[in-house]
Amino acid sequence: MMNDSLFSLVCAGEIFELKAELNSDKKEKKKEAVKKVIASMTVGKDVSALFPDVVNCMQTDNLELKKLVYLYLMNYAKSQPDMAIMAVNTFVKDCEDPNPLIRALAVRTMGCIRVDKITEYLCEPLRKCLKDEDPYVRKTAAVCVAKLHDINAQLVEDQGFLDTLKDLISDSNPMVVANAVAALSEIAESHPNSNLLDLNPQTINKLLTALNECTEWGQIFILDCLANYTPRDDRESQSICERVTPRLSHANSAVVLSAVKVLMKFMEMLPKDLDYYGTLLKKLAPPLVTLLSAEPELQYVALRNINLIVQRRPEILKHEMKVFFVKYNDPIYVKLEKLDIMIRLASQANIAQVLAELKEYATEVDVDFVRKAVRAIGRCAIKVEQSAERCVSTLLDLIQTKVNYVVQEAIVVIKDIFRKYPNKYESVIATLCENLDSLDEPEARAAMIWIVGEYAERIDNADELLESFLEGFHDESTQVQLQLLTAIVKLFLKKPTETQELVQQVLSLATQDSDNPDLRDRGYIYWRLLSTDPVAAKEVVLAEKPLISEETDLIEPTLLEELICHIGTLASVYHKPPSAFVEGSRGVQHKRLPGSAGSGESVESPDTGSAAGVSEAPPAVIPSQGDLLGDLLNLDLTPPTTTGPPPPSSGMQMGAMDLLGGGLDSLMGAGFGAPPAAMPASFTAPVSGGLDDLFDLGGGVGMPMGAYSPPKTVWLPAMKAKGLEISGTFARRAGVIQMEMTLTNKAMSVMTDFAIQFNRNSFGLAPAGPLQVLTPLSPNQSIEVTLPLNTVGPVMKMEPLNNLQVTDVHIYLYHKSHYYLHSRQVFLATWKDIPNDNESQFQIKDCHLNSDAASNKLQGSNIFTIAKRTVEGQDMLYQSMKLTNGIWVLAELRVQAGNPNYTISLKCRAPEVSQCVFQSYEAVLKN
Amino acid sequence: MISQVFILSSKGDHLIYKDFRGEAGSDVVSIFYEKVTALTGDQPPVVMVTPHKREQHSHKDLHFVHVRQGGLYWVATTTANSSPFTVIEFLNRLTALIKDYCGSLSEKSVQMNFALIYELLDEVVDYGYVQTTSSDVLKNFIQTEAVSSRPFSLFDLSNIGLFGAETQQSKVAPSSAATRPIQSSREQGGKSEIFVDVIERMSVVIGSNGVLMKADVEGEIRVKCYMPSCSEMRIGLNEEFSIGKSQLRGYGAAVRVDECSFHQAVRLDEFDSHRILRLSPSQGEQTVMQYQLSDDLPSAPPFRLFPTIERDSGGRLLMYMKLRCDLPPKRSLNVDCCCYCGFSLSQELSSPDQSAELRPQSRAVVWQIPRFPGGTQLSALFKLEVPGLSSASMLEVGPVGLSFELPKITATGLQIRFLRLTPVQPSPSQRWVRYVTHSDSYTIRI
């Protein structure tokens, strides 16, 4: 790199020389001097001191010299605005020059000089040039309007340039049309609501005509503009598609990709049974394949786009598997993308071929690539059931190579295969166990521990294996620690006699010696479960696990739709919406695919249209938090369908978490310590009343009778506990410490089966008798409960004593059958399962809650938010409820900040209830 | 939209810097260079985002798109959600254009022609919008003349070169003939010539059992024109040339490709009936036609490998390789054979002019064969020292890749039947047709 300041020092003498040359009489000498100036400018020397001398050279009939001077002006005018004025006269004169090249040059350069004073003088010449007889001047002037708009938008509007620009769309010269479209598109982006680019069938027709005649770059502007148009009906969209299709065979791949974008978007409008739809699908494949023969840089961009297209319409490329096979000299970034697409396209028909390829890749040199290839084999097994056996044997072959990272990856994916096909491939466990010592990555260790725990009964020395991990417990990563804890508990439940000591050891390691709240909490839960009810513990810990699905890494449908609208752009490469990386107003408009013509709702509002699109999207997936593996590991504790407190280990069990989190934390003030990250924040708000009361209690234990007993305060507001409100206090009556509670059912339905459990606490508080709630609690009924306590429970010293951050009392609440705990996956599967016809959409008007408040409010009515996403300021809540008669209703609620109108889509097997559900939503939200 | 374009030498010197939209300062050039040199090896070099916190222009994200050609970095920046595809295509076109105008692409030629390049950039991009990259259109606007880094002399033409030309019996153009600025033909009365190159890239995968698993060819016809007065050119392809699987023409062995795309200037009215491409070539280089063929090559792949891998008593891995070339005997080629494995090596080769070496960083043995006559077979024995040899180590000996260049051969069999220019050129015009097939990825699995 050059040192700029040094350079400018050195050339002080040079500047003097240049000055002399610039003022020379000889044209050639002048030209050479200006060239030298520009050369210095390029390498970063400061030659602004020569400004007046260079400007003096401007008045010349030599076009070459003039261009050089203009080049200089563009660079330095901004730093020397006063002197730039000197050039204005020449500019204005040049704009009248008989030579169109000079006219265009002047107007182009003037637009590039971003000095306010100059823009004033620009208006008149620009107006003339916009109507110039020469198309070259007109096309330059069209772009100049965009330049001027960037400097002074108001001026452009006042001068009426926008209308002139609109007229240029009908120009006879295609290049002028293209530039006018480009300029208008850019200006329109900064005025989202103006209808500058008033796209109607007439203008579209003009654009399509210009498309055939203009240069390849102009075609790109026009196609990008077309992509923003929403055709009125399927016939119009078909006719546009027909006229765009020839662009697919263009040599410029940017044109091809822009055409693909238009077609992908307008295809949404076409009914699927139309012959033309099939034809179009077939036509899309070859150009996409052709893109892959370009340079690696282009290939990479193409592959990122194909990845989106394959997710949206897998049928386009389903026969083209071979082109995605990796070449050994592909750069690694191309290889990884290809691998990803290969798995997306894998099906029963081509799996043998894919597997053979993957096996080859797994023996290659590049570590990252090999890892991904091994993982891909596992994903194939999960995706295509018929191939699972072959995949497993391939993985075993790979394990035999003893290459460290291959073995570890293989073990990680085999764990997933076990999850997908339980009780099928356990025979390989012995081979896996042989490699126990070579595992050094947390993910692989955790996977191996999971396998040992899960199949403890079939592994003779499972206890020894797990014990060996336990030695360095505190040096392990959290992932491994959690897994080890669970695995040992599983082992204990399976072989209680031999492993008592082991489980004691791990529980005390986890609860007493660990600083990690997740680990501690999980430890406590297990401990309590095991000590209170081993049968329940068995049901919880060894419960049936939901099967994993292969589609975890798909892009969620709404984002995918948006990205499809941005094919070919940076958004499609990053797989992020443009708003995530483009700041300011530009590009923030939310683009959506048009609704299908076939679906019932017409395109009355953009939201309705897109909702129809959502319901149509084949694999609707709500994004998983971490990667596939994170989820799978966490899943080992499944949401219980039995009664019993679920352990707070998994981010998936949102519903279960609500109970625990909402109930306990509000009572105890974050009694559980930091909640798992996936838990919505609203559930963890501590209620400080609980804290104070308990502290009072601490003081009150040793006091004489009749001591002050604080009034009852609300420990658990109804909206946090599915409608159960608990207020309470501690008192000492007749020498017995009592916990007095008022339970109020503020929900709509009956509650039964109450139970209470105390954690270990500083005072050894424990219930002296069972919680007596005899009657089922009907809606709006309150009940007074007094629970005698004693202090003979296990005492555990907590530091500091009055710090109720420490877990003290937990009340487990569970009531059956009012609602169901959904995991995201279950939600998703159900959503997909219900036919689209059953979807209905409503608007809830004038509701001024934000999404969190709404979610809380709904939760009060047993409508549970399973997942929440925020897309461009729009919150999507995915919710579910189960009616008392056993009907499930799934809902997607869209809340736009600042917009009091919500949109709700309901899906249900019995569509007739939708209306009632909608009404109850409305009622809940508005009260 | 393109915000800036700049060209950097491999050492990071600023050769050209042009700002189109005033969205970022020239400090980004050094930011880019720092980023690109910090990349280790093969990371996607296409698109990068700079962090938000930069000194002056911190309000917007910048995205860099770059390609490397002629040892230079060609970089464009953009702030909006524009199409990287367009930008890469544009950069590729820009390099081609500058190559056409300056004769060759190098640090020196770019430096010497900076004024010309600025002028070109000014015409090619306006306010970030690409206007045109056609040298035909541009020649109306461009004033600056190219400075050729190596004086071009007609004397070069009389030298004997390598490339054969079918249309002119025994005359052979020197390999440097096609690297000169297009303008010189106009101003300096340079020779009017036209070069038509048929270039094919072959990717082949042969399985460990010797079965051909995949064979693809990507090809293109490139025209490089130094002819100021040529109004129309007709390129005749094989008459039995067919596109797609269903369509077969004539009786003989058809020359078939799967897909075909043409430059927009090509007129195809005679293509269906007579397989003739008509175009008015613009000055400089352009790709007239691109095509692809997968799996169904008309001839067998040119090389076969017969590897044997075994363990000897001394705990070494023996790789015995026999490489056969199935090309006609007259040809003789330069072939590099590269076998992936990660061990130290001793070797026995069948001829002294061959060499083999182990490259530890790529974990490969490279066997170089400078002359490989067609129709013959060569063999090599590599003894590999493997620490802790086991049966699993054999699995680690990875695929063998070959790289080579086959002049005068097209894998698809595509030929240029004739090349006609109208109006008939005055005498000193010359037409050259060249064929070459490269190995893109020729892999033999073990």
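Since the structure is predicted, the reported quantities are computational estimates derived from the model, not experimental observations. In what follows, chains are A, B, ... by sequence order, proteins preceding strands, each numbered from 1.
Residues Thr42(A) and Leu15(B) share a closest heavy-atom pair of CG2-O, 2.9 Å. Taking all atoms of both residues into account, the shortest heavy-atom contact from Thr132(B) to Trp217(A) is CA-CD1, 4.0 Å. For the residue pair Val143(A) and Tyr129(B), the shortest heavy atom distance occurs at CG1-CD1, 4.3 Å. For the residue pair Lys327(A) and Ser441(B), the shortest heavy atom distance occurs at CB-OG, 3.6 Å. Taking every heavy atom of both residues into account, Gly568(A) and Pro84(B) meet most closely at O-CD, 3.0 Å. A pairwise comparison of heavy atoms in Arg108(A) and Asp126(B) identifies CG-OD1, 3.5 Å as the closest pair.
Contact of Lys139(A) with chain B is made through the side chain alone, with heavy-atom distances under 4.5 Å. For a residue to count as touching a neighbouring chain, one of its non-hydrogen atoms must lie under 4.5 Å from one of that chain's; by this rule Met175(A) touches chain B with the side chain only. Neither the backbone nor the side chain of Ile567(A) comes within contact range of chain B; no heavy atom of the residue lies under 4.5 Å from a heavy atom of that chain. If you measure heavy-atom distances from Met213(B) to chain A, the contacts under 4.5 Å come from both the backbone and the side chain. Residue contact with chain B, scored on non-hydrogen atoms closer than 4.5 Å, is absent for Ser258(A). Using a 4.5 Å cut-off between heavy atoms, Cys144(A) makes no contact with chain B at all. Looking at Ile38(A), both its backbone and its side chain come within 4.5 Å of chain B, counting heavy atoms on both sides. Residue contact with chain B, scored on non-hydrogen atoms closer than 4.5 Å, involves the backbone and the side chain of Glu216(A) alike. Residue Phe262(B) touches chain A through its backbone alone, counting heavy-atom pairs closer than 4.5 Å. If you measure heavy-atom distances from Lys35(A) to chain B, the contacts under 4.5 Å come from both the backbone and the side chain. With a 4.5 Å cut-off on non-hydrogen atoms, Thr86(B) touches chain A through its backbone and its side chain both. Of the two parts of Phe325(A), the backbone and the side chain both hold a non-hydrogen atom closer than 4.5 Å to a non-hydrogen atom of chain B. The parts of Phe90(B) that come within reach of chain A are both its backbone and its side chain, each placing non-hydrogen atoms under 4.5 angstrom from that chain. Proximity to chain B (any heavy atom under 4.5 Å) is restricted, for Gln219(A), to the side chain, taken from C-beta onward. Of the two parts of Ala362(A), neither the backbone nor the side chain holds a non-hydrogen atom closer than 4.5 Å to a non-hydrogen atom of chain B. Using a 4.5 Å cut-off between heavy atoms, Thr287(B) makes no contact with chain A at all. Of the two parts of Ala146(A), the backbone and the side chain both hold a non-hydrogen atom closer than 4.5 Å to a non-hydrogen atom of chain B. Of the two parts of Glu64(A), the backbone and the side chain both hold a non-hydrogen atom closer than 4.5 Å to a non-hydrogen atom of chain B.
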I'd like to know whether Glu89(B) forms a side-chain contact (heavy atoms from CB on, under 4.5 Å) with Leu298(A), so could you lay out the CA-CA distance, the side-chain angles of the two residues, the decisive distance to 0.1 Å, and finally the verdict. CA-CA 8 Å; Glu89(B) 273 281 4; Leu298(A) 285 176; 4.2 Å; yes
Candidate pair Glu123(B) and Lys67(A), rule side-chain contact (heavy atoms from CB on, under 4.5 Å), full reasoning: CA-CA 11 Å; Glu123(B) 291 295 341; Lys67(A) 281 187 171 185; 3.4 Å; yes
Apply side-chain contact (heavy atoms from CB on, under 4.5 Å) to Gln131(B) and Asn179(A), showing your working. CA-CA 8 Å; Gln131(B) 300 293 305; Asn179(A) 274 3; 2.7 Å; yes
Verdict with supporting geometry, Glu357(A) and Arg445(B), salt bridge (Lys or Arg N to Asp or Glu O under 4.0 Å): CA-CA 11 Å; Glu357(A) 281 293 311; Arg445(B) 289 178 178 162; 3.2 Å; yes
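Under the 4.5 Å side-chain criterion, counting only non-hydrogen atoms from C-beta, Ile220(A) is not in contact with Val130(B). For the pair Leu68(A)/Thr144(B), no side-chain contact is recorded, criterion being any heavy-atom separation below 4.5 Å from C-beta on. Taking the side chain as every heavy atom from C-beta outward, Gln290(B) and Thr290(A) never approach each other to under 4.5 Å. You'll find the side chain of Leu291(A) reaches within 4.5 Å of the side chain of Phe85(B), heavy atoms only. Side-chain contact check for Asp150(A) versus Tyr127(B): some heavy-atom pair is nearer than 4.5 Å.
Separating the OG atom in Ser294(B) from the CD atom in Glu320(A) is a distance of 8.0 Å, to the nearest 0.5 Å.
Relative orientation of the Tyr574(A) and His63(B) rings is tilted, given thresholds of 30° and 60° on the angle between their planes.
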